[in-house]
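Just so we're clear, the structure is a prediction, and the values are computed from it rather than from any experiment. Order of the sequence lines fixes the chain letters, A, B, ..., with proteins taken first and strands second; residue numbering starts at 1 for each chain. We use all heavy atoms of the structure for the numbers below, so side chains are in, but hydrogens, waters and symmetry mates are not.
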Amino acid sequence: MTATTPTPPPATDAAPSAPAADAATLHTPVNAWFAAHARDLPWRRPEAGPWGVMVSEFMLQQTPVSRVLPVYEQWLKRWPRPADLAAEPPGEAVRAWGRLGYPRRALRLHAAATAITERHGGEVPDDHAALLALPGVGEYTAAAVASFAYGRRHAVLDTNVRRVLARVVTGVQYPPNATTAAERRLAQRLLPDDEATAARWAAATMELGALVCTARTPDCGRCPVAARCAWRLAGFPAHDGPPRRGQTYAGTDRQVRGMLLAVLREATGPVTQEQMDAVWDEPVQRARALDGLVADGLVEPVAQGVYRLPLE
DNA sequence: CAGCCGTGGGA
DNA sequence: TTCCCAAGGCT
């Protein structure tokens, strides 16, 4: 991992035994920084409501903000409430998902909207357990919706927060590949006692990781807690552990699935086998990819050699 | 728990 | 150009 050495602010003289970063010294500067520098994102505006927050969280799972923005706007305009989405076939959600990637998320969001409509009176639940029970909602998303939409006090551990805590508190460049119990304990320990402050802290630490304490080239000169950052104080030691997994894409089933589904999305009606076959010349892999899409519920066979996006 | 599931843009 | 990686979840 070639880690571009961050640009540290001129190392202040400060005592050799620099103050360790702890909860009390982090909340105020980080939350103040957020108040001054937070992006004006549509799902952060009051009119977004819990449903808007939930939609954004689904879309933002592994997809950058810039690509989510236009799709989010269209989505909320078309389906302003969960019941509006639930009233349409899941295939419409897949089509509207466009090229955000991981289209199973569209299916899960549709399923979540259906569950919300049927089990929660059409209102996005406000408690963590009920959220966690929804399709496509895991630990992170449940905490994020409860915190961002309802101001609840939850440790929100996403990739940004994990990286910030790894650096500022633990003193390492990157967090482990998988979230550990130690990270959860740390996040819990750092959580402000006050509910509103905790909710702000969750959003602030995420934003800090997204804008300043980035994966490749952190900009310590703009960091509100650089003076107490354990990683910086340690001299930016490079990541040791195993290399962080890099995923190849070209030539994989995922690529073929993507190409097949693109044909369905862009077609207005059912598509023939011949149209599907045109996207990939290797028949075994092509068949495997299509079978996978059908198994996942992303594609529905309507007749021998005819397919469409799912109506059910 | 490791592997799988899309896509595009920036360095 | 290649490589990295971006607000995860599910099996």
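- Separation of the P atoms belonging to B/dG8 and C/dC10 is 24 Å when rounded to the nearest angstrom.
- The shortest distance between the side-chain N/O atoms of A/Gln62 and the OP1/OP2 oxygens of C/dA6 is not below 4.0 Å.
- Separating the C1' atom of C/dG8 from that of B/dC1 is a span of 15 Å, rounded to the nearest Å.
- Along DNA chain C, the nucleotide nearest to A/Val137 and the one nearest to A/Thr214 differ in position, and the one closer to the 5' end is contacted by A/Thr214.
- Side-chain nitrogen and oxygen atoms of A/Arg163 include at least one within less than 4.0 Å of the OP1 or OP2 phosphate oxygen of C/dA6.
- Cluster annotation: A/Val68 and A/Val137 are assigned to the same hydrophobic cluster (Ile/Leu/Val/Met/Phe/Trp/Tyr, side-chain heavy-atom contacts under 4.5 Å, transitive).
- The side-chain contact (heavy atoms from CB on, under 4.5 Å) with A/Pro50 is formed by just one residue from the set A/Ile116, A/Val55, A/Val124; it is A/Val124.
- If you check B/dG6, B/dC5, C/dA7 against the side chain of A/Asp253, the one that comes closest is B/dC5.
- Using a 4.0 Å cut-off, no side-chain N or O of A/Arg216 falls inside it from OP1 or OP2 of B/dG10.
- With contacts defined as side-chain heavy-atom distances shorter than 4.5 Å, the pair A/His239/A/Val172 does not qualify.
- Across C/dA6 and B/dG6, the matching C1' atoms stand 12 Å from one another, rounded to whole Å.
- Of all heavy-atom pairs between A/Ala146 and A/His154, the closest is CB-CD2, 3.5 Å.
- Here the separation of B/dT7 from C/dT11, taken at their C1' atoms, is 23 Å to the nearest Å.
- Here C/dA7 presents its C1' atom at 15 Å from CG of A/Leu109, a figure rounded to the nearest Å.
- The residue among A/Ala178 and A/Arg99 whose nearest nucleotide of DNA chain B is located toward the 5' end is A/Ala178.
- In this structure, A/Leu157 places its CG atom 11 Å from P of C/dG8, rounding to the nearest Å.
- Within the nucleic acid shown, A/Trp97 has no heavy atom closer than 4.0 Å to any nucleic acid atom.
- Comparing A/Asp296 and A/Pro64, the nucleotide of DNA chain B nearest to each residue sits closer to the 5' end for A/Asp296.
- At a cut-off of 3.5 angstrom, counting only N and O atoms as typed in the model, there is no donor on one side facing an acceptor on the other between the side-chain of A/Thr141 and the base of C/dG9.
- Contact annotation for A/Ala144: no contact, since no heavy-atom pair falls under 4.0 Å across all strands.
- If you check residues 258-282 of chain A against DNA chain B, the residues with a heavy atom closer than 4.0 Å are A/Gly258, A/Arg265, listed by number.
- Comparing B/dC5, C/dA7, C/dG9 against the side chain of A/Leu41 picks out C/dA7 as the nearest.
- Residue-level contact check: A/Ser66 touches neither bases nor backbone, having no heavy atom under 4.0 Å from any strand.
- C/dG8 atom P lies 14 Å from atom CG of A/Asn177, rounded to whole Å.
- A ring pair (Phe, Tyr, Trp, His ring centres under 6.0 Å) with A/Trp75 holds for exactly one of A/Trp51, A/Trp97, A/Phe58, A/Trp43; it is A/Trp97.
- The residues A/Arg152 and A/Asp127 are annotated as not salt-bridged, no charged nitrogen and carboxylate oxygen being separated by less than 4.0 angstrom.
- In this model, a side-chain donor or acceptor of A/Arg67 finds a partner on the base of B/dT7 within 3.5 Å.
- For the pair A/Val168 and A/Leu26, the minimum side-chain heavy-atom distance is below 4.5 Å.
- Side-chain polar atoms of A/Tyr140 and A/Glu57 form a donor-acceptor pair below 3.5 angstrom.
- Between C/dC5 and B/dC5, the two C1' atoms lie 16 Å apart (nearest whole Å).
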